[in-house]
Visitor: 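Sharing a structure below in structure tokens format, with a few things to ask.
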Amino acid sequence: GGEPGGGEVAHWTWVDIRLPDFPFRRFSLLLALIPVKFIYRRYGIFAALFYALYGIFVFIFLNLADPWALYMQWLEPGAQDWFQNSFLTVICSQAPLAWLFLRWLLNSDHFLTKIVPMIREEQRRKGRLPCIKMHWRCLYGGISFLVLCLYVIWFYFAVYQKSNLPILPLQIMSVALPVTFPYRLLAPVMLCQIFSVIAKLHIARMGEYQARHRGRNSGRALFRLLKRNIGDREAEEQAWRSGFLISVGLPCISVAILVVLLTRCEDFVLYTWFFSSFVLYLVVQSAQTFVSAAQITAKSKKVRLEIFEMIIMPEATFTENRTEDGFQVDAYTTYLSKCYPGFCVLGTLVTNELVTQLGNVLALTALPLVVKYLVHT
């Protein structure tokens with residue numbers, strides 16, 4: 001396949017893909033997200049077999065915590081009810097589900113035909129992929145490290161302090177769970193960060209589309225470029241339906257169950273205080289996903305307004321003859337004003353106003369519960 005440009009669609013194949021085409025390639029390799037067929041084509045059959053075997057172990061590491069409700073029954077027989085088991089199961093299931101979605105995404109035709117061309121375009125323009133600024137990277141890294149430390153502290157007092165662990169599987173899990181926790185911590189983070197990078201790629205495309213209006217250009221060529229960009233964003237919405245359910249839906253369900261637990265059995269919440277803290281961490285990650293989607297909507301609206309300003313000034317003119325083809329230019333500007341409402345998640349338009357409203361509702365709901373939790377602690 002050739003390099004995409006000028007609104008043309010490139011016919012990509014896996015032969016054309018390079019390792020730098022994968023976002024967060026080091027972490028993607030660590031989580032075994034990169035397709036085995038890519039490893040096979042680039043590094044041979046033995047590397048592919050080793051990588052496939054490693055991927056099986058990664059999947060096992062991610063699922064080790066799924067039976068946390070069972071482990072708690074081993075530690076405290078008969079102490080848990082349905083809500084407590086559901087709370088632990090929903091939280092622990094986010095990591096393997098996020099991994100499965102990312103594995104599908106990076107193996108999909110959508111990644112090959114939509115995301116990779118945007119990555120190549122951005123690499124040609126700036127020489128690198130969009131990245132998170134250093135201060136945000138330090139903040140995310142620091143918070144993740146803090147969560148890891150909290151997990152180790154909680155695990156030590158909740159499990160290691162238990163004398164005479166009851167059965168051999170629990171003794172094995174008491175070692176395996178802390179060692180493999182970084183994998184379960186990284187998968188949900190990667191889900192949110194990869195979407196953030198993809199959102200930045202779409203925003204960069206909108207900026208490039210706006211820049212193409214400066215000077216004298218063909219309205220037909222700009223229309224084709226607009227149609228391609230909108231089609232790619234709508235394909236992104238379809239591809240990320242499951243991703244949003246995992247990154248946003250599961251933390252919201254966990255919060256709802258946690259609210260019920262705080263009213264029913266505070267002792268359990270106090271005993272498993274790490275999981276309550278981990279829910280807040282996942283909520284922060286889901287908020288970042290929503291903010292990234294809202295940025296696409298905001299950028300789309302801003303670009304269209306600025307293009308209209310360029311046409312009025314007129315900084316942007318069209319090669320089409322005003323008397324013969326003027327109706328085409330008028331149709332283009334009319335289409336531009338109505339063509340794309342914004343990024344939609346499961347039929348809901350994500351805007352900055354929606355993000356603010358959800359944040360206010362969450363804060364008003366969570367603040368009394370946090371105060372109550374701290375008082376009892």
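Every value quoted in this text rests on a predicted model; they were computed, and no experiment measured them.
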Visitor: Would a distance-only check, ignoring hydrogens and angles, find a side-chain to backbone donor-acceptor pair under 3.5 Å from S300 to T297?
Guide: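 Here the side-chain-to-backbone pair does not exist.
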Visitor: Strictly distance-based, threshold 3.5 Å: is any side-chain N or O of S108 a donor or acceptor partner for the main-chain N or O of L105?
Guide: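 Side chain of S108 to backbone of L105: a pair is present.
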Visitor: Taking the side chain as everything from C-beta on, heavy atoms only, tell me whether Q94 gets closer than 4.5 Å to P188.
Guide: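 The answer is yes, as the side chains (C-beta and beyond) meet within the 4.5 Å cut-off.
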Visitor: Give the C-alpha distance, both sets of side-chain angles, the deciding distance and a yes or no for side-chain contact (heavy atoms from CB on, under 4.5 Å) between I198 and I115.
Guide: CA-CA 7 Å; I198 293 174; I115 299 177; 3.6 Å; yes
Visitor: Is there a donor-acceptor pair closer than 3.5 Å between any side-chain N or O of R214 and the backbone N or O of E315?
Guide: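 No.
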Visitor: Please list, chain by chain and in numerical order, all residues satisfying salt bridge (Lys or Arg N to Asp or Glu O under 4.0 Å) with E306, sequence neighbours excluded.
Guide: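 Here no residue qualifies.
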Visitor: With salt bridge (Lys or Arg N to Asp or Glu O under 4.0 Å) as the criterion, how do R205 and E208 come out once you've worked through the C-alpha distance, each side chain's angles and the decisive distance to 0.1 Å?
Guide: CA-CA 5 Å; R205 259 195 175 178; E208 182 70 14; over 6 Å; no
Visitor: Could you tell me whether the side chain of R103 and the main chain of A32 form a donor-acceptor pair under 3.5 Å?
Guide: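 Side chain of R103 to backbone of A32, a donor-acceptor pair under 3.5 Å: yes, one is there.
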Visitor: After noting the C-alpha distance and the side-chain angles of L53 and F57, does the key distance pass the side-chain contact (heavy atoms from CB on, under 4.5 Å) rule?
Guide: CA-CA 7 Å; L53 181 63; F57 279 102; 3.9 Å; yes
Visitor: Could you walk me through whether K299 and Q295 pass side-chain contact (heavy atoms from CB on, under 4.5 Å), step by step?
Guide: CA-CA 6 Å; K299 181 65 174 180; Q295 288 174 345; over 6 Å; no
Visitor: Quick one: list whatever passes side chain to side chain donor-acceptor pair (under 3.5 Å) with T348, sequence neighbours left out.
Guide: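 By the side chain to side chain donor-acceptor pair (under 3.5 Å) rule, T348 matches no residue at all.
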Visitor: Same cluster or not: V58 versus Y43, using hydrophobic residues (I, L, V, M, F, W, Y) connected whenever any side-chain heavy atoms lie under 4.5 Å apart?
Guide: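 Looking at the clustering, Y43 is in the same group as V58.
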Visitor: With a 4.5 Å limit on heavy-atom distance, are the side chains of S28 and M190 in contact?
Guide: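 Yes, their side chains come closer than 4.5 Å.
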Visitor: Please determine whether residues I143 and F275 belong to a single hydrophobic cluster, defined as Ile, Leu, Val, Met, Phe, Trp and Tyr linked transitively by side-chain heavy-atom distances below 4.5 Å.
Guide: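 In one cluster with I143: F275, yes.
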Visitor: Can you tell me how far apart CZ (R304) and NZ (K338) are? Round to the nearest 0.5 Å.
Guide: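 Going from the CZ atom of R304 to the NZ atom of K338 covers 12.0 Å.
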Visitor: Give the minimum heavy-atom separation between P182 and P178, together with the two atoms involved.
Guide: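 Heavy-atom minimum between the residues: CD-O, 3.8 Å.
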Visitor: Should the pair F244 and F343 be assigned to parallel (<30°), tilted (30 to 60°) or perpendicular (>60°) ring geometry?
Guide: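 Aromatic pair F244/F343 classed tilted.
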Visitor: Are any of the side-chain nitrogens in R124 or E121 under 4.0 Å away from the carboxylate oxygens of its partner?
Guide: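 Between E121 and R124 there is no salt bridge, as every charged N stays at least 4.0 Å from the carboxylate O atoms.
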Visitor: Ignoring hydrogens and angles, tell me if any N or O in the side chain of R241 forms a donor-acceptor pair with the backbone of Q238 under 3.5 Å.
Guide: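 Yes; judged by distance alone, with no hydrogens or angles, the pair exists.
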Visitor: For a 4.5 angstrom cut-off between non-hydrogen side-chain atoms, does I60 reach I56?
Guide: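 SC-SC contact between I60 and I56 confirmed.
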Visitor: Return the set of residues passing side chain to side chain donor-acceptor pair (under 3.5 Å) with Y54 (not counting sequence neighbours), or none when no residue passes.
Guide: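 Expected list: Y183.
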Visitor: Which heavy atom in L191 sits nearest to a heavy atom in S247, and how many Å separate them?
Guide: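 Heavy atoms of L191 and S247 come nearest at CD2-CB, 3.5 Å.
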Visitor: Are I296 and L305 co-members of a hydrophobic cluster defined by side-chain heavy atoms under 4.5 Å apart?
Guide: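 Shared cluster, no.
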Visitor: Measure across N63 and P96 and return the closest heavy-atom pair with its distance rounded to 0.1 Å.
Guide: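 Heavy-atom minimum between the residues: OD1-CB, 3.6 Å.
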Visitor: For L33 versus Y51, what's the shortest heavy-atom pair and its separation?
Guide: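 Heavy atoms of L33 and Y51 come nearest at N-OH, 3.5 Å.
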Visitor: Return the minimal non-hydrogen interatomic distance between A187 and L102, and the atom names on each side.
Guide: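 In terms of heavy atoms, the two residues are closest at O-CD1, 4.0 Å.
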Visitor: Within this structure, what is the CG-CG distance for the pair L150 and L146, rounded to the nearest 0.5 Å?
Guide: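 Here the rounded value is 4.5 Å.
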Visitor: Using a 3.5 Å distance criterion without hydrogens, assess whether the side chain of R212 forms a donor-acceptor pair with backbone atoms of N217.
Guide: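 Checking the backbone N and O of N217 against the side chain of R212, no donor-acceptor pair under 3.5 Å is found.
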Visitor: Mind checking whether Q285 and Q288 have side chains closer than 4.5 Å, heavy atoms only?
Guide: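 Side chain of Q285 against side chain of Q288, heavy atoms only: contact under 4.5 Å found.
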Visitor: Quick check: do F181 and V147 have side-chain heavy atoms less than 4.5 Å from each other?
Guide: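 Touching, per the 4.5 Å side-chain cut-off.
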Visitor: Applying salt bridge (Lys or Arg N to Asp or Glu O under 4.0 Å), name anything that partners R25, two or more places apart in sequence or on another chain.
Guide: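 R25 satisfies salt bridge (Lys or Arg N to Asp or Glu O under 4.0 Å) with no residue once adjacent residues are dropped.
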Visitor: Take F274 and I153, measure what side-chain contact (heavy atoms from CB on, under 4.5 Å) needs, and give me the verdict at the end.
Guide: CA-CA 9 Å; F274 167 76; I153 293 171; over 6 Å; no
Visitor: Apart from F46 itself, which Ile, Leu, Val, Met, Phe, Trp or Tyr residues share its cluster (side-chain heavy atoms under 4.5 Å, direct or through members)?
Guide: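 F46 shares its hydrophobic cluster with Y40, I45, L49.
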Visitor: Is there a side-chain contact between L354 and L349 (heavy atoms, below 4.5 Å)?
Guide: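 Counting from C-beta outward, L354 and L349 never come under 4.5 Å.
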Visitor: Should I307 and L225 be regarded as members of a common hydrophobic cluster, given that ILVMFWY residues are connected when their side-chain heavy atoms come within less than 4.5 Å of each other, either directly or indirectly?
Guide: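 Yes, I307 connects to L225 through the hydrophobic network.
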Visitor: Just by modelled atom types, is the L31 backbone N or O under 3.5 Å from a matching donor or acceptor in the W99 side chain?
Guide: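 The answer is yes, because a donor-acceptor pair under 3.5 Å joins these two groups.
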Visitor: Quick check for you: to the nearest 0.5 Å, what is the distance between F155 atom CZ and L177 atom CG?
Guide: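 Those atoms lie 4.5 Å apart.
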Visitor: Within the side chain of Q210, is there an N or O that forms a donor-acceptor pair under 3.5 Å with the backbone of V303?
Guide: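 Answer holds: no.
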Visitor: Side-chain heavy atoms under 4.5 angstrom apart, residues restricted to Ile, Leu, Val, Met, Phe, Trp, Tyr: same cluster for F50 and F59?
Guide: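 They do not share one cluster, since no chain of ILVMFWY contacts under 4.5 Å joins F50 to F59.
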Visitor: From E234 CD over to E237 CD, what is the distance, rounded to the nearest 0.5 angstrom?
Guide: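 One gets 6.0 Å once the value is rounded to the nearest 0.5 Å.
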Visitor: How close do D330 and T333 get, heavy atom to heavy atom, and via which atoms?
Guide: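 In this case the closest contact between D330 and T333 is O-OG1, 2.8 Å.
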Visitor: State whether the number of non-hydrogen atoms from other residues, nucleotides or ligands found under 6.0 Å of F308 atom CZ is greater than 12.
Guide: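 Yes, enclosed.
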Visitor: If the threshold is 4.0 Å, N to carboxylate O, is there a salt bridge linking K301 and E353?
Guide: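 Result for this pair is no, no salt bridge flagged.
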Visitor: Using atom types as modelled and distance alone, determine if a side-chain donor or acceptor of R216 lies under 3.5 Å from a backbone N or O of F318.
Guide: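 Yes.
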Visitor: If you round to the nearest 0.5 Å, how far is OG1 of T289 from CD1 of I246?
Guide: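 So the gap between those two atoms works out to 11.0 Å.
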Visitor: Quick check, are the ring centers of F22 and F38 under 6.0 angstrom apart?
Guide: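 Centroid distance F22-F38: below 6.0 Å, so yes.
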Visitor: Mind checking what makes ring-ring contact (aromatic ring centres under 6.0 Å, His included) contact with Y281, not counting sequence neighbours?
Guide: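 For Y281 the ring-ring contact (aromatic ring centres under 6.0 Å, His included) partners, ignoring immediate neighbours, are F278.
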Visitor: Do Y151 and R184 make a side-chain contact, defined as non-hydrogen atoms from C-beta onward lying under 4.5 Å apart?
Guide: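 In short, these two side chains touch, coming nearer than 4.5 Å.
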Visitor: If I take atom CZ from residue R233 and atom CG from residue L201, how far apart are they, to the nearest 0.5 angstrom?
Guide: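 R233 CZ to L201 CG: 12.5 Å, rounded to 0.5 Å.
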